[in-house]
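The next block holds one structure in the form of structure tokens; read it before the comments.
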Number of protein chains: 2
Amino acid sequence: MSEVTAIGRPRKFEEQTVLAAVMDIFWEKGFEGTAMSDLVEATGLQKGSLYGAFGDKRTLYLKALAFYDETEVALAVDLLSGKCGGYELEAPDAGYLRIAALLQAVIDAVSVKGDRRGCLLCNAAVDQAPLDSATERSVTASLECMEEAFLEAVRAIPDFVASVSEGRRTARHLLSVYFGMRVLAKSGAPVAIMDDAKSGALKGLHPL
Amino acid sequence: MSEVTAIGRPRKFEEQTVLAAVMDIFWEKGFEGTAMSDLVEATGLQKGSLYGAFGDKRTLYLKALAFYDETEVALAVDLLSGKCGGYELEAPDAGYLRIAALLQAVIDAVSVKGDRRGCLLCNAAVDQAPLDSATERSVTASLECMEEAFLEAVRAIPDFVASVSEGRRTARHLLSVYFGMRVLAKSGAPVAIMDDAKSGALKGLHPL
DNA sequence: TGTTTTTTTGACTGATCGGTCACAAATTAT
DNA sequence: ATAATTTGTGACCGATCAGTCAAAAAAACA
């Protein structure tokens, strides 16, 4: 993992910390909207150090996307697939609750935390994926993770009488609702709209 | 509407034509990703003419958004509210068919026409609405139009036993699915995923 | 104490950015 | 004609863009 002794002048920064700061800026401003000077300011590093350690702007963006996948996407996936605590995971309607919790988290990000940045994955899909194939690949991979996690949650809904293909269909439908809500959130839509989008989606999951 | 005689040198361009070209570029590249030189190339006008006729880049963007609202959004709204022909509007399940047709149109834009630009409204919501209040207002207004149109379609579903508030909820849920599918389309998602998102959403509309 | 290796630093580059402007061109009004 | 008014044109502006580089600094070696 790490060299015990490293020759040469040691780095003054933690790679993960810098990447987190870089991700934040790209998240807030997008790829084109972010200048290298923004990253210099946010990271406290000089331009030369950034280029030396991470490569050019595009590479940095891709690494920020990967970091997002490892942190934020992983959190959502863990929530959906029941690998993290706090959501009554043992309840009989665990799958339903997990999906409800994720959609509620999208709403809370806006209404509680005032976070208008939305989802970096969604942002990247909209403004960079069609223009850059490496970004497209990264986004696609993260989307597949989320789809599988939704599928896992759907399958954890007892009495959800559904064929295998219907489970997949439902997962993809929920994926779509999730990103739609992210878009609505960024547009400044009132909480009531997102609440309805959420409960409208959940309604179809309750055959009880 | 128009002056019969206009003093001074007459314009060589049609305002609507130029606006359509401008909209196309912003649609494809986004606000930050579009340079004035791109617009000069696309419109055939010189920079000075563009500034003289439409104002600065931001104003031009807002006018392109308004143009999108008057053309593309209006088409979707007309389709949903049954004001345009071609979709068996007299059938007993007219509302259902209209919604299905709109979601299918999102898929066809990608699979038939190879159009990866998505929806300018969605793009604007994601990358400009949080940063510019005028853009946010424009996006919000268009979103409200679409919500009302979805609501009209939902209410045109016979046997859709639902309270008033449930109709609204369903409309907002569909709005969310619609934008989610737009995001998936831009991410390069295969048609199968969007098909499932669509049919998953439609399933909840068929209490038959 | 040097030598070597790596990182930090900030000045520097050419290109491009959004935006302006003076002047030529085209039309109506007199 | 000629004056008045508007539009088209392209050179021009300072600012900022992404990216580079040589030299200083900080560490491990010898």
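Proteins get letters first, then strands, A, B, ... in listed order; numbering begins at 1 in each. Quick note: numbers below take in every heavy atom, side chains included, and nothing from hydrogens, waters or symmetry partners.
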Query raised in the report: So, is B:Q46 near the phosphate of D:dG8, with a side-chain N or O under 4.0 Å from OP1 or OP2?
Result: no

Report task. Report yes if at least one side-chain N or O of A:R11 is closer than 4.0 Å to OP1 or OP2 of C:dT7; otherwise report no. Result -> yes

Report task. Respond yes when some side-chain nitrogen or oxygen of B:K12 is under 4.0 Å from OP1 or OP2 of C:dA26, and no when none is. Result -> no

Query raised in the report: Just how far, in rounded Å, is C1' of C:dT6 from CG of A:L45?
Result: 15 Å

Report summary line: Each nucleotide of nucleotides 11-21 of chain D classed B (base within 4.0 Å of a protein heavy atom), S (only sugar-phosphate) or -, in 5' to 3' order, makes ------SBBBB

**Report entry** Option from B:F54, B:F67, B:F31 for which ring-ring contact (aromatic ring centres under 6.0 Å, His included) with B:Y61 holds
**Finding:** B:F31

Query raised in the report: Is it true that B:R58 and B:D56 make a salt bridge, defined as a side-chain N closer than 4.0 Å to a carboxylate O?
Result: no

**Report entry** Given DNA chain C, 5'-ward residue of the pair B:G8 and A:L50, judged by closest heavy atom
**Finding:** A:L50

Report task. Rounded to the nearest angstrom, tell me the gap between atom CZ in A:R9 and atom P in D:dA26. Result -> 6 Å

Query raised in the report: With a 4.5 Å limit on heavy-atom distance, are the side chains of A:Y178 and A:F150 in contact?
Result: yes

Query raised in the report: Quick one: are B:L65 and B:Q128 in side-chain contact, heavy atoms under 4.5 Å?
Result: no

Requested in this report: Using only side-chain N and O atoms of B:S49, determine if any of them is under 4.0 Å from OP1 or OP2 of D:dT7.
Outcome: no

Report task. Using a strict 4.0 Å threshold on nitrogen-to-oxygen distance, state whether A:K63 and A:E15 make a salt bridge. Result -> no

Requested in this report: Specify the separation, in whole Å, of atom CD1 of A:I7 and atom P of D:dA27.
Outcome: 14 Å

Query raised in the report: Do the numbers put B:R182 on top of the ring of A:F179, so that NZ or CZ is under 6.0 Å from the six-membered ring centre and no more than 45° off the axis?
Result: no

